[in-house]
Participant: 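Here you go, one structure.
Below, read A as the first sequence line, B as the second, and so on, with proteins coming before strands; counting in each chain starts at 1.
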Amino acid sequence: MSAETAPLKTNLPVPKKRPDSPWRIAIRRFARNRLAVIGLFIVVFMFLLCFIGPHFSPYDLYDYNKLDKNLPPSSKYWLGTDKLGRDILLRMMLAGQISLLVGLVATSISVIIGATMGALAGFYRKWVDTLIMRIADIFMALPTLPILIILGAILSDLKVEPSDRIYYLMLIIGVLGWSSISRLVRGQILGLREQEFMQATEALGLKDRRKIFRHLLPNTIPIIIVSATLGVAGAIIFESSLSFLGIGVVPPTPSWGNMISSANNLIDFRKRPWLWIPPGMCILVTVVAINLIGDGLRDALDPKMKK
Amino acid sequence: MKQYIIRRLLQIIPTLIGISIIIFAISSLVPGDYITAVDNPTMTAEKAAQLREIYGLDKPPVERYFTWVGNMLKGNLGDSLVHKQPVTTVMNNYVWNSFFIAIFALIFSWIIATFAGVFSAKFQYSLFDKIVTLVIFLCMSLPSFFIGLLFIKFFALDLGWFPVGSMKTSGLNGSTWDQLVDIAWHMVMPVTVLTMLSTGGLTRYFRTSMLEVIRQDYIRTARAKGLKERTVIFKHALRNAMLPAITLMGFELPSLFGGAIIMEKIFIWPGVGQVYLESINMRDYPFMLGFTVFISVLTLLGNLLSDVLYGAADPRIRLK
Amino acid sequence: MKKRMSLLLALMLLTITVLAACGGGKTAEQPPSQGEQQETPPAEGNGEETKEPPAEGEDAGQGYFKAEDPSANPKAALNRKDTLVVGMTAPKGVFNPFYMQTAYDRYVVDAIFDQFFALNGDGTYSNRLAESVEVSEDKLKYTFKLKPGVTYSNGDPVTVKDYAFAMKVYHDKSYDGQSDLLSVHIKGGKEYNEGKADDISGIKVIDDNTIEIEVTEANAMTKDNLGTVYFAPESVYGKGYKQGNLEYMKDLHAKPVGSGQYVLKNFSPGQEVVLEANPNYFLGVPKIKNVIYKTTTDETKLAMFQSGEIDMDMVTVNEDNVEALKEMGFLDINIFPTNGYGYVALNHKDPKFQDVKVRQALLYGLNRAEIVEIIYGPYANVINVPQSSESWAYTNEGIEPYEFDIEKAKQLLDEAGWVPGADGIREKDGKKLDIHFSATADNPVIDALIPIMTQNYQELGIKLTTETLDFNAIMDKKDKGEFEMFFAAWGLTPDPDSTVYITDGQQNDIGFSSPEYDAAMKKGLNAFDLEERKAAYAEAYQALNKNVPDLPIYQRRDAWTINSRLSGVDITPYKNFAVDLYKAEIQQ
């Protein structure tokens with residue numbers, strides 16, 4: 001690197017490099033994965049587009065224009081207009097702010113709770129397993145819709161600012177979704193804890209926490225990543241169905257899901273593809289990108305993988 | 001094992017009690033009741049009060065809970081307020097229609113997902129893998145009603161191959177065989193779309209666990225032994241890769257009977273999903289609660305089943 | 001997780017029609033579509049013998065549009081020579097005249113059962129089973145004579161004893177259907193309901209074909225209320241009846257026996273109801289042998305018309321749908337005003353809405369024409385009185401149209417003492433003018449209403465906080481009086497009598513009060529002469545118009561689309577297709 005390090009090298013006959021931490025190895029491996037880096041780039045780009053893009057738009061969220069209803073893309077409206085004469089490009093970018101946050105935050109919550117609970121249940125078994133899995137059963141059996149209706153009514157009674165309600169929504173979607181991930185993780189851990197490497201950790205006298213979080217959970221990363229990528233897409237689409245319960249976004253605020261849903265008839269479908277292709281593409285691109293990152297992460301974190 | 005199953009079955013009891021308390025609490029917290037939902041503009045206050053009394057809506061929630069549970073123990077789920085029929089009759093009218101499309105979709109999606117998952121793992125990052133991945137995400141990125149509309153436009157309107165919707169041709173008076181063929185014809189599109197929707201996630205799971213397994217030492221050993229690649233993949237690798245699938249299998253049980261709301265709506269399939277949704281919107285609590293309990297029991301059984309299968313499939317796991 | 005999500009995902013689509021299906025009650029007639037689940041149009045109301053045609057409604061947005069190219073008819077439809085397929089939201093299977101509650105179950109009941117009266121297109125009634133009706137001088141005694149020789153589909157003769165029995169059912173303590181015959185005040189009805197008497201003393205069966213009914217209180221609607229009870233054979237529906245126990249009725253919902261035009265042949269829940277012509281119908285055998293009510297949904301109705309799978313259906317009226325239907329060429333479209341209206345309610349218990357100037361300012365300051373135009377184009381109009389333009393009680397005389405005038409609105413707010421503060425928001429006595437607005441989320445109108453209202457009111461200097469809520473949650477807030485301002489749609493009954501704005505009226509959840517209006521409404525209800533009633537209601541609407549109890553927004557359109565191969569299908573805002581189904585014909 002620089003001149004200063006050179007003399008050291010001559011003095012000390014120790015290894016060429018400091019032994020890398022697993023995290024550094026992972027980051028390096030990740031950076032070497034071309035597809036994963038592209039995925040990361042796309043997600044960052046989507047964020048920038050959605051959060052900075054609207055500042056450059058000549059239009060405003062509250063604009064409408066009855067003379068410019070349902071126009072196809074043109075130089076004035078790059079992606080056309082909807083039935084209220086609103087610019088689709090602006091709406092697509094604003095929608096991304098909501099959808100990206102909902103997708104990522106809700107899924108992260110589910111994954112964190114689900115993975116932890118599943119790991120605890122699978123590792124300790126006995127009554128811990130029974131307790132956690134029965135709680136998971138209850139969560140799986142809960143009727144989501146009525147819960148959300150209640151939440152909407154409570155938030156309204158408490159006069160929570162409508163624009164803040166989306167955060168509660170993320171929380172609830174996240175909390176309600178942990179149970180299936182926890183069952184998957186637990187299933188894996190039940191098998192993993194009987195493998196040889198766990199006997200090794202036993203012999204080394206490692207602490208439980210270390211066994212779970214350093215040795216067991218990393219082995220379940222592949223399945224967690226699949227759940228997470230599926231969850232992101234699910235949450236984005238899911239949000240669109242909630243506006244009318246009073247906890248989704250309030251019109252005119254758009255989300256990708258509700259932009260697509262508003263084109264829910266054969267006429268828009270046939271005649272006005274610009275209404276649904278842009279938000280549809282956004283969801284697709286985001287989901288694929290997140291999946292590429294996921295694959296990269298899995299390869300990077302996989303202890304068995306040697307390159 | 002037997003002891004384990006008995007213990008798990010016993011555990012279902014407290015879990016169900018917990019579920020029943022929570023869902024009942026939810027139903028009584030939801031704003032509005034059947035009378036407000038019907039919203040009859042000519043209903044007088046006396047009439048509304050009288051109806052609430054007949055339906056028992058005027059009693060305190062705790063008392064209503066015990067009445068409900070008491071009746072349920074006697075096998076009586078009450079009468080649906082919308083359908084004016086016993087909840088069990090209403091469920092019986094609609095659940096089987098949902099079951100038929102769900103079971104076919106389940107079979108097809110598991111078969112397709114197994115093959116797609118195995119091959120895209122075997123040939124990771126190949127063109128096949130990439131196409132499969134893209135198709136899966138395409139299905140996941142568009143809301144399912146959209147895929148449904150797409151099918152209706154192409155296959156029903158443009159090509160005229162299949163009917164737009166519903167379960168049978170109105171006014172068809174053929175033999176039993178003709179009617180069965182007619183129903184099968186109507187099932188094609190909903191089953192296809194449902195299969196497409198559920199295959200995506202499954203394929204991802206199968207691909208991932210296959211990728212894991214292929215790298216294991218015993219696969220290398222099997223190959224080294226000179227076994228045929230097909231034997232290695234389908235006999236040795238697949239068996240182990242299917243382990244996480246067992247957990248997923250448990251999730252399928254309630255969904256077989258739960259109804260696919262969007263598909264039923266788009267293809268006008270007379271399933272239970274729409275009836276359930278309506279019971280929520282109409283605050284038809286007897287049906288809503290009854291159906292939720294029914295699905296809860298299936299969820300619990302499904303999870304129990306997957307745990308038992310898991311123990312049987314993987315001898316390393318000792319269920320106690 | 002995914003499964004449950006997909007379940008929820010359907011919601012947006014579903015509330016639209018599922019809720020609409022439930023609008024009804026005994027009063028439901030036209031199935032409301034697109035989120036106006038609150039609109040529960042007419043049926044059993046009133047109307048007098050004479051009625052003027054509606055004064056308004058000559059615009060391009062309504063009327064009967066004939067098919068331009070009947071030859072484009074799809075084969076599938078043409079091949080069904082003796083079968084009519086009517087598309088609708090799925091009936092629930094309660095085909096029992098005592099218990100049916102959705103508009104769709106009512107279509108079935110109307111085809112299978114008959115009443116003394118039948119609806120005319122204009123909302124009035126004429127005799128069907130009744131030969132004659134006599135009303136005593138004091139309007140307290142009604143003598144109905146039944147046409148002789150009519151039989152039920154099981155062969156039993158129709159007699160007035162069945163009518164007397166039906167009345168017992170409606171007055172029974174355990175009766176939990178939607179009909180409310182107790183409010184007709186039949187003598188002895190209350191005693192029967194409370195179990196103090198074994199008979200309703202006000203009902204006298206004189207012979208098999210004559211019955212006399214005595215009421216304790218009469219009003220303009222009494223006669224029609226009495227004449228619109230369905231005839232059902234006591235031998236079937238009364239089997240096992242004990243006073244105070246109607247449990248057995250449950251088993252009869254799916255097995256209707258009536259004297260009407262059609263008989264039920266088959267019912268597949270969620271799929272179809274198959275009806276067959278009653279060969280002994282007393283007005284002549286229905287011309288179409290088979291009628292099938294088939295389940296449809298908003299998303300695919302048009303496709304089913306195109307493929308010929310349905311002959312008739314109610315279609316949501318908007319520019320896209322009407323254009324697509326006209327393009328198909330072989331469909332007649334009957335567009336008429338919906339029996340209901342969309343409005344913004346104000347809570348009069350809230351001090352800021354107690355000043356009439358503030359309420360007027362809110363109305364002047366809201367560009368309603370723009371909202372309506374952008375969502376419905378020509379297929380809706382701004383309204384200023386809470387009554388359908390089709391009703392005989394409708395008036396626009398002496399009605400201020402409150403056209404959008406932001407300057408006038410500002411001036412009114414100034415006069416009311418609300419003056420702009422430092423941040424541009426108006427204040428009075430140190431309180432800012434902020435309004436919390438809840439809108440029913442599944443109504444297409446809110447897409448335009450919210451942005452336009454936000455902009456308009458911002459210009460007025462009002463801070464508006466908007467939320468969207470589940471319909472039932474809003475109704476709950478309304479019942480409890482815990483709201484500031486909400487948007488919803490409201491159904492109208494054919495008779496203008498209503499308790500929505502009457503001081504302490506049963507449905508007056510907004511707390512509005514106007515002695516002038518109360519007096520006019522009372523006059524209208526107690527008058528028996530139509531001209532007298534008209535004048536009274538005109539007075540009432542003028543009082544409302546001046547006082548602005550809420551902000552009336554729009555009345556939209558409903559439409560029945562009918563394949564041109566059919567003729568004689570009679571549908572109006574008041575009368576559903578099933579009432580005179582026997583006259584409909586398939587042209588060959």
Side-chain angles (χ1 to χ4, degrees), chain A residues 35 125-126 130 133-138 140-143 145-147 149-150 152-154 180 183-184 186-188 190-191 194-195 219 222-223 225-227 229-230 233-234 236-237 240-241 257 260-261 263-266 269-270 276 280-288 291 298 302 304-305, chain B residues 11-12 14-15 18-19 22-23 26-27 29-31 125 133-134 137-138 140-146 149-150 152-153 157 200-201 204-205 207-209 211-212 215-216 243-244 246-248 250-251 254 276-277 280 288 292-293 295-297 299-300 303 306-307 310 314 316-320:
Chain A
L35 283 172
R125 299 190 298 186
K126 306 209 174 77
T130 306
M133 281 304 110
R134 295 302 77 79
I135 294 175
D137 283 347
I138 292 178
M140 244 183 252
L142 286 183
L145 264 187
I147 295 180
I149 293 173
I150 296 171
I154 292 175
S180 54
R183 277 197 69 85
L184 281 167
R186 164 187 174 266
Q188 293 255 296
L190 279 180
E194 306 297 335
Q195 290 195 5
N219 278 295
I223 208 132
I225 283 172
V226 175
S227 286
T229 44
L230 296 174
I236 288 175
I237 293 177
S240 70
S241 60
I260 300 183
S261 307
N264 67 345
N265 58 64
L266 283 166
F269 191 82
R270 235 175 5 214
W276 53 270
M281 285 303 290
C282 283
I283 301 178
L284 176 67
V285 167
T286 307
V287 171
V288 171
N291 193 65
R298 186 201 49 218
D302 190 346
K304 293 188 284 286
M305 187 111 148
Chain B
Q11 280 174 11
I12 283 184
T15 317
I19 290 174
I22 294 173
I23 60 176
I26 289 170
S27 80
L29 280 172
V30 170
Y125 299 128
T133 309
L134 196 69
F137 287 120
L138 204 64
M140 281 177 4
S141 310
L142 288 176
S144 46
F145 75 82
F146 224 81
L149 285 180
L150 189 88
I152 290 175
K153 175 172 168 6
L157 292 182
R204 295 304 292 174
Y205 281 115
R207 173 180 180 272
T208 305
S209 36
L211 280 177
E212 289 290 290
R215 294 189 199 130
Q216 300 274 351
L243 282 178
I246 292 172
T247 310
L248 294 172
F251 298 156
Y276 173 62
L277 186 67
I280 294 171
M288 190 200 103
T292 311
V293 167
I295 292 299
S296 309
V297 171
T299 307
L300 299 181
N303 289 346
S306 72
D307 281 349
Y310 214 105
D314 189 344
R316 285 169 306 187
I317 296 171
R318 290 167 311 225
L319 294 166
K320 274 174 277 183

Participant: Taking the side chain as every heavy atom from C-beta outward, state whether B/Thr208 and A/Ile225 have any pair of such atoms under 4.5 Å apart.
Facilitator: no

Participant: If I take atom CG from residue A/Asp137 and atom CD1 from residue B/Ile12, how far apart are they, to the nearest 0.5 angstrom?
Facilitator: 8.0 Å

Participant: Hey, mind stepping through B/Leu277 and A/Leu145 against side chain to side chain contact (heavy atoms under 4.5 Å, CB included) and telling me if it holds?
Facilitator: CA-CA 9 Å; B/Leu277 186 67; A/Leu145 264 187; 3.3 Å; yes

Participant: Of the backbone (N, CA, C, O) and the side chain (C-beta and beyond), which part of B/Ile246 lies under 4.5 Å from a heavy atom of chain A, both, or neither?
Facilitator: neither

Participant: At what distance, to the nearest 0.5 angstrom, does CD1 of A/Ile150 lie from OG of B/Ser27?
Facilitator: 8.0 Å

Participant: Of the listed residues (B/Arg207, B/Met288, B/Arg204), which shares the most heavy-atom pairs with chain A below a 4.5 Å separation?
Facilitator: B/Arg204

Participant: With a 4.5 angstrom heavy-atom cut-off, could you sort out which part of B/Thr299 is near chain A: side chain, backbone, both or neither?
Facilitator: side chain

Participant: Counting only non-hydrogen atoms closer than 4.5 Å, does B/Leu157 touch chain A with its backbone (N, CA, C, O), its side chain (CB onward), both, or neither?
Facilitator: side chain

Participant: Side-chain contact, heavy-atom cut-off 4.5 Å: A/Arg183 with B/Ser306?
Facilitator: yes

Participant: If we define contacts as heavy-atom pairs under 4.5 Å, which of A/Gly280, A/Pro146, A/Ala136, A/Cys282 has the most with chain B?
Facilitator: A/Pro146

Participant: Rounded to the nearest 0.5 Å, how far does CZ of A/Arg270 lie from NZ of B/Lys153?
Facilitator: 5.5 Å

Participant: Compare all side-chain heavy atoms of A/Val288 with those of B/Thr133 and state whether any distance is below 4.5 angstrom.
Facilitator: no

Participant: Is any side-chain heavy atom of B/Leu211 closer than 4.5 Å to one of A/Pro222?
Facilitator: no

Participant: Do A/Met140 and B/Ile19 come within less than 4.5 Å of each other through their side chains, counting heavy atoms only?
Facilitator: no

Participant: Tell me, do A/Leu142 and B/Thr292 make a side-chain contact under 4.5 Å, heavy atoms counted?
Facilitator: no

Participant: Considering non-hydrogen atoms only, spot the tightest contact between B/Ile22 and A/Ile138 and give its length.
Facilitator: CD1-CG2, 3.7 Å

Participant: Is chain B contacted by the side chain of A/Ile135, its backbone, both, or neither, given a heavy-atom distance below 4.5 Å?
Facilitator: neither

Participant: Answer yes or no: is there a side-chain heavy-atom contact under 4.5 Å between A/Met133 and B/Asn303?
Facilitator: no

